[in-house]
Amino acid sequence: MSEVPHIVVLLSAGRHPVSGRHCPVPVELQAIGLGHMLCGTGAADAITGLHAGPGTPALADALGHGLARLVHLETGGEDDPLPSLIAALREEAPALILAGRAGQGGEDTGTLPYALARALSLPIVADAVALKSGPLPGTLQVEQALPRGARRRLVVRLPAVITVHPAAPAPRPFAFAARTRGEVEQRPGVPSPRNAPAQAIEERPYRPRPRLIAKSAAGASAAERLKAATEAASGGGRLLVDPAPEEAAREILAHLRGLGVLRR
């Protein structure tokens, strides 16, 4: 891949996990940093931010982390952003689409990049921590994060969708001058009200599940059925009220030996 690719970074409306205030999503800022590492110094114009949804005050802060241009597709708060993103990406036809592993908001599920790749018929690679030009023109080498700190290198043919893992390099520091120089282009999005769920969801407070009572053998006497029910409800052990420390320690050790945790 000798030429500088046209990269689009998907941006979502994030919220701070503690204060709840609008703020950029850290992993999306890391995606901007990966785009800069791939394009090289002086190619910031090749990276475009793309957001679909209502405007937020913190959305333009992404400009201060290395974006020269941000396209905001304005839709209502109840609209699905996917149709607007599909239409814009078909028009832009970028070589690479970068997205966060998951957003940082109340309804983010992390499935939007997969739905987008399916709608655009593009391959998708998840959890990238490094990007590099591939061995052949039009290819990209992706270093993918795996569980327990393992890494795997893949080569994918462009165009493609790549989601970024939080283990990727830290984002570029915020620069107020870059924030003011960046351009925000407002466009109308595609109105697409979300479908109501087929079945209404009922929210209830958590209640511990009742403990199952052991069944006694068929034909057992009333005393045997009462014993089985009592043993299942109590869970075994012996009740001590305000015991001496030595007695409590001996009882704990005996219980652990009974469970097989201690052998001596």
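Only this structure's heavy atoms are used, side chains among them; waters, hydrogens and symmetry mates stay out. Remember, it's a predicted structure, so these values are computed and weren't measured experimentally.
Residue pairs that meet the ring pair (Phe, Tyr, Trp, His ring centres under 6.0 Å) test with at least one member in residues 119-144, sequence neighbours left out, do not exist here. Among residues at least two apart or in separate chains, ring pair (Phe, Tyr, Trp, His ring centres under 6.0 Å) pairs with a member in residues 66-101 are His51-His72. Pairs of residues two or more places apart, or lying in two chains, that qualify as side chain to side chain donor-acceptor pair (under 3.5 Å) and include a residue from residues 110-131 are Arg101-Asp127, Thr109-Thr111. Here side chain to side chain donor-acceptor pair (under 3.5 Å) pairs that include residues 147-160, with residues two or more places apart or in two chains, are Gln144-Arg152.
For Ser84 (side chain) and Val190 (main-chain N/O), a donor-acceptor pair under 3.5 Å exists by modelled atom type.
Taking Gln30 as the reference, nothing meets the side-chain hydrogen bond (donor to acceptor under 3.5 Å, both in side chains) condition, with sequence neighbours excluded. Under the side-chain hydrogen bond (donor to acceptor under 3.5 Å, both in side chains) criterion, Thr163 pairs with no residue at all, not counting sequence neighbours. With sequence neighbours left out, Asp79 forms a side-chain hydrogen bond (donor to acceptor under 3.5 Å, both in side chains) with no residue at all. Every side-chain hydrogen bond (donor to acceptor under 3.5 Å, both in side chains) that Glu185 has, sequence neighbours left out, goes to Arg69, Arg187. For Ala128, the side chain to side chain contact (heavy atoms under 4.5 Å, CB included) criterion is met by Leu131, Val142, Ile162, not counting sequence neighbours. Under the ring pair (Phe, Tyr, Trp, His ring centres under 6.0 Å) criterion, His165 pairs with no residue at all, not counting sequence neighbours. Shown here are the side chain to side chain contact (heavy atoms under 4.5 Å, CB included) partners of His16, two or more places apart in sequence or in another chain: Val18, Ser19, Cys23.
Pro94 is listed as a side-chain neighbour of Leu89, based on a closest heavy-atom distance under 4.5 Å. Using a 4.5 Å heavy-atom cutoff, the side chains of Leu112 and Leu85 are in contact. Using a 4.5 Å cut-off on side-chain heavy atoms (C-beta onward), Cys39 and Ile7 make contact. Contact annotation: the side chain of Leu38 approaches that of Leu96 to within less than 4.5 Å [non-hydrogen atoms, C-beta and beyond]. Considering only heavy atoms from C-beta on, Thr48 comes within 4.5 Å of His6 through its side chain. Side-chain contact between Glu247 and Glu251 is absent, with no heavy atoms from C-beta onward closer than 4.5 Å. Using a 4.5 Å heavy-atom cutoff, the side chains of Arg172 and Leu29 are not in contact.
The distance from the CG atom of Leu98 to the CG atom of Leu50 is 12.0 Å, given to the nearest 0.5 Å. Here Gln141 contributes atom CD and Leu154 contributes atom CG; the two are 9.0 Å apart, rounded to the nearest 0.5 Å.
Between Ala117 and Ile124 the shortest heavy-atom distance is CB-CB, 4.0 Å. Nearest heavy atoms, Ala31 versus Val9: CB-CG1, 4.0 Å. Nearest heavy-atom pair, Ile47 versus Gly35, reported as atom, atom and distance to 0.1 Å: CD1-C, 3.5 Å. Minimum heavy-atom separation, Thr75 to Ala52: OG1-C, 4.2 Å. The two residues Pro113 and Gly110 have their closest heavy-atom pair at CD-O, 3.7 Å. Smallest separation of non-hydrogen atoms from Ile86 and Ala119: CD1-CB, 3.4 Å.
Taking Ile, Leu, Val, Met, Phe, Trp and Tyr as hydrophobic and joining them when side-chain heavy atoms fall under 4.5 Å apart, one finds Leu146 isolated, its cluster having no other members.
Under the side-chain contact (heavy atoms from CB on, under 4.5 Å) test applied with Pro24, the options Leu59, Leu63, Asp61 reduce to a single match, Asp61.
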